[in-house]
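What follows is one structure encoded as structure tokens, with my remarks underneath.
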2 protein chains.
Amino acid sequence: MRTQVEDKLRQAISSGRFKPGQRLVERELCESIGVGRTSIREALRQLEAEGLITSYPHRGPVVSTITYEEAAQLYSVRALLESYAGKEFAENGTAQDIHTLNEAVAEFAEAAASGGGSRLIKAKTAFYDCLMQGSGNVFVKQMLTSLHNRVTLLRMTSMTQPGRLNHSVEEIKEIAAAITDRNGAKAAAACKYHIDMAAKVALDYLRKTSENDGD
Amino acid sequence: MRTQVEDKLRQAISSGRFKPGQRLVERELCESIGVGRTSIREALRQLEAEGLITSYPHRGPVVSTITYEEAAQLYSVRALLESYAGKEFAENGTAQDIHTLNEAVAEFAEAAASGGGSRLIKAKTAFYDCLMQGSGNVFVKQMLTSLHNRVTLLRMTSMTQPGRLNHSVEEIKEIAAAITDRNGAKAAAACKYHIDMAAKVALDYLRKTSENDGD
DNA sequence: TTCTTCGCTTTTGTCAGACAATCGGGTTGT
DNA sequence: ACAACCCGATTGTCTGACAAAAGCGAAGAA
């Protein structure tokens, strides 16, 4: 089914098996996944709408590249939306959602301590899923999901930076604490701080590598 | 070409020729537009990704319906994003963009005075295009475009409410004035106020009609 | 009568094959 | 060395085909 094709392609892009700028030839995808061109093309259109790939007329789709400025814009709007989500969560989230959030935070902290890579990613997405869910706004949820997918185009989760992970855990605990306290303003500030820190690390790294690319 | 099919369908939905909840049968679309099923299906997937239509497995796509709560959420996030766009525009927009914005406002005021329906819509979209353009953030632009498209699913632009139009013109002038003054906070407040007013009118109307539906 | 169950029709989801249009690169000629 | 040209590769689209599933109506049982 096409959603499975979508997921496979999405994962292939997120995991870096398809690198930004790489061309995606229909026929190759057909035989590599073992599915007809119809399904491939429809899945590609979906990913294109999500911004993960970019299609050029008669040249086909390529994995989207993201410039330094676009990355900065991405983190800006992500901070905006996640702050909003945190605030709404704190002010209007259900007790059940808060409970789930704290569990996700605990799991994330544990994963960070034990150092498991894939487990860490899973825990982080669980946390964000819960945060978006708790916001109670389906549009915010959709938009943040799309943004999160695109962040992976930057090819380095800011978590991989040494020392960043511990800070990240602390910041996330701060977010959960503010939400548990039903303190909307504090939750928003904590979310914004978290994203701004991640943005700083990511953009510094990006600037460094883009300088290398410029050589 | 499929972008033309997309535009046709989008327009058919926005103009209300396809009403929310209505089923979209592939074969009918094929013969009504005069294009193969391939193009239709790809266009439908695009619209689905934009949220204009919703597909149910083996039952096909229908024009998306939007509940009262979703409408409230839509206006909330729209206020958030447009405030941000206004603030960024005021603080970082180019003089050229500001000039274009003021021209769009003037055209909108003129269209409102002369009462031309389609001209009014065109002027309003021009204003918003300019506002989003001036924000300098491609993600905000994409998201707001998507939200604007979905607002039309509510089937009554809040502008059509009597008396609302004049207020709308004033509010938009306020936005442009704040941006021209390079006053970011004021621009954001003006944008938020504008959307909040539109939301109030739209949601009141929605509540009224949904009560009628409930009878 | 009303509820359940069965089968039929419609529509989707997917595939394979075909063909024109177009893009990029390599070749050829000067 | 440079320009024009031609050719292979790829996309965009159409057609026809078929299984699978959903909805509907009719038939049958309680």
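Model, not experiment: these values are computed from the prediction. Throughout, protein chains are lettered first and strands after them, A, B, ... in sequence-line order, and every chain is numbered starting at 1.
You'll find that the side chain of B:Val25 is closest to C:dT12, out of C:dT12, D:dG12, D:dT11.
As a whole-Å value, the separation of A:Tyr56 OH from C:dG24 P is 12 Å. Distance A:His58 NE2 to D:dT11 P: 11 Å, rounded to the nearest Å. Computed from coordinates, the A:Arg23 CZ to C:dC23 C1' distance equals 9 Å when rounded to whole Å. Summarising the geometry, the separation between CG on A:Leu24 and P on D:dT10 is reported as 13 Å, rounded to the nearest angstrom. Atoms CD (A:Glu26) and P (C:dG17) sit 16 Å apart, rounded to a whole Å. As rounded to whole Å, 15 Å separates atom P of C:dT9 from atom CZ of B:Arg27.
The residue among A:Pro57 and A:Thr3 whose nearest nucleotide of DNA chain C is located toward the 5' end is A:Thr3.
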Applying salt bridge (Lys or Arg N to Asp or Glu O under 4.0 Å), run through A:Arg164 and A:Glu171 and close with a yes or a no.
-> CA-CA 10 Å; A:Arg164 169 76 191 134; A:Glu171 289 159 17; 3.0 Å; yes
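For the pair B:Arg59 and C:dT12, the criterion of a side-chain N or O lying under 4.0 Å from OP1 or OP2 is not met.
Relative to the six-membered ring of B:Tyr75, B:Arg78 misses at least one condition, a distance below 6.0 Å or an angle of at most 45° to the axis.
Taking CG from B:Leu153 and CD from B:Glu70, the interatomic distance works out to 10.0 Å, rounded to the nearest 0.5 Å.
At distances below 3.5 Å, at least one donor-acceptor pair connects side-chain atoms of B:Arg182 with backbone N or O atoms of B:Ala90.
Considering B:Gln142, B:Met143, B:Arg150 as possible partners of B:Ser146, the one that fulfils the side chain to side chain contact (heavy atoms under 4.5 Å, CB included) test is B:Arg150.
Of the residues in residues 31-46 of chain A, A:Arg37, A:Arg41 come within less than 4.0 Å of DNA chain D through at least one heavy atom, sorted by number.
Closest approach of A:Gly51 to A:Ser64, counting heavy atoms only: O-OG, 3.0 Å.
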